[in-house]
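What follows is a single structure, written as structure tokens, with notes after it.
The first residue of the sequence shown is numbered 1, and numbering continues consecutively from there.
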Amino acid sequence: MSGLDPAARDALIAAAKAAEGNAYAPYSRFHVGAALLFDDGAVVTGANVENASYGLSLCAETVAMAAAAAAGRRGGLVAVAVTGGAIDTSEAERPTISPCGRCRQVLNEFATLGGTDPVVLCAGAGEVVEIRLSALLPMAFGPASFGTLGG
Ligand code: THU
């Protein structure tokens, strides 16, 4: 269980969906939105930002996490919602999206700093899979691997 009440869960997924509207994804035509919920109630969103040099593209979760970090946040990450799909497919055809490996690592950095294990809400057509970040990224390499929680 997420520990989030249904209204908070739905609101976070709605925030991720809204963020999809800002995706810049002319190459994949796959729009992704991410919403991060912090323990003070703040929600920080992101969308994928692609590049003509494809490998430089940034995922929605990484964009959201970087925005939160750049605003001074370090810990307190309690939940993440991710939504998305190809722009020419209907809601009913949407796959269930989960964060890519790189994004799991990026999320882990700041979750670890705050000592949280955020629930990740992976939304797709008619379903939401809830899974802890630690289950998505077991035995993670992170700040503790340096013998310190960083600064
Ligand atoms: N993408 C994300 O933004 N988040 C994910 O978790 C998976 C993939 C983006 C990257 C690329 O812009 C597009 O989706 C297709 O892979």
Side-chain angles (χ1 to χ4, degrees), residues 2 4 6-114 116-143 150:
S2 64
L4 289 184
R9 202 183 84 141
D10 290 351
L12 198 62
I13 292 167
K17 279 198 175 139
E20 283 176 38
N22 292 325
Y24 172 68
Y27 307 106
S28 71
R29 298 169 60 80
F30 195 98
H31 288 193
V32 182
L36 312 179
L37 175 65
F38 290 88
D39 57 5
D40 62 355
V43 172
V44 178
T45 62
N48 53 331
V49 179
E50 296 186 344
N51 192 278
S53 179
Y54 292 0
L56 303 185
S57 298
L58 300 170
C59 290
E61 302 91 319
T62 289
V63 168
M65 195 64 252
R73 292 186 179 276
R74 292 295 179 267
L77 180 61
V78 296
V80 177
V82 54
T83 66
I87 55 172
D88 45 9
T89 59
S90 68
E91 281 280 328
E93 294 172 298
R94 286 190 146 208
T96 299
I97 306 295
S98 74
C100 80
R102 182 177 187 271
C103 288
R104 294 175 194 198
Q105 184 71 24
V106 168
L107 293 168
N108 178 73
E109 183 78 15
F110 292 95
T112 302
L113 287 180
T116 62
D117 185 8
V119 66
V120 182
L121 307 173
C122 306
E127 74 163 353
V128 178
V129 174
E130 297 189 13
I131 184 166
R132 293 279 170 189
L133 182 61
S134 62
L136 287 174
L137 190 69
M139 204 179 163
F141 180 81

Report task. Please name the residue in the list L4, V44, V119 that meets the side-chain contact (heavy atoms from CB on, under 4.5 Å) test with L37. Result -> L4
Query - Donor-acceptor contact present, side-chain E93 to main-chain S90, <3.5 Å - result: yes
Query raised in the report: Which atom names give the shortest non-hydrogen contact between F110 and A69, and what distance separates them?
Result: CZ-CB, 3.7 Å
Query raised in the report: Heavy-atom distance under 4.5 Å between the side chains of L77 and L133, does that happen here?
Result: no
Query raised in the report: Distance from C103 atom SG to L137 atom CG, nearest 0.5 Å?
Result: 11.5 Å
Query raised in the report: If you look at every heavy atom in E20 and V32, which pair is closest and at what distance?
Result: CG-C, 3.7 Å
Query raised in the report: Mind checking whether T116 and D39 have side chains closer than 4.5 Å, heavy atoms only?
Result: no
Report summary line: Separation between CE (M65) and CG (L107), nearest 0.5 Å, reads 7.0 Å
Query raised in the report: Is there a side-chain contact between R9 and E130 (heavy atoms, below 4.5 Å)?
Result: yes
Query - Closest non-hydrogen atom pair, E61 against C100 - result: OE2-N, 4.3 Å
Query - Test item: R132 side-chain N/O and D117 main-chain N/O as donor-acceptor pair under 3.5 Å - result: yes
Report task. Please name all residues satisfying salt bridge (Lys or Arg N to Asp or Glu O under 4.0 Å) with R73, sequence neighbours left out, ordered by chain then number. Result -> D40
Report task. Report yes if some heavy atom in the side chain of V120 is under 4.5 Å from a heavy atom in the side chain of P99; otherwise report no. Result -> yes
Query raised in the report: Hey, is the main chain of L136 close enough, under 3.5 Å, to the side chain of R104 for a donor-acceptor pair?
Result: yes
Query raised in the report: Between the side chain of N22 and the main-chain N/O of A47, is any donor-acceptor distance below 3.5 Å?
Result: no
Query - Nearest-0.5 Å distance, CZ of residue R94 to NZ of residue K17 - result: 6.5 Å
Requested in this report: Taking all heavy atoms of A35 and all of L12, pick out the closest pair and write down the distance.
Outcome: CB-O, 3.5 Å
Requested in this report: Can you see which heavy atom on A34 is nearest to which on A19, and at what distance?
Outcome: O-CB, 4.3 Å
Query raised in the report: Are the side chain of E50 and the backbone of S28 linked by a donor-acceptor contact shorter than 3.5 Å?
Result: yes
Report task. Determine whether I97 and F30 make a side-chain contact, defined as any pair of heavy atoms from C-beta on separated by less than 4.5 Å. Result -> yes
Query raised in the report: Can you check whether G142's main-chain N or O pairs, donor with acceptor, with N108's side chain at less than 3.5 Å?
Result: no
**Report entry** S57 side chain to N51 backbone, donor-acceptor under 3.5 Å
**Finding:** yes
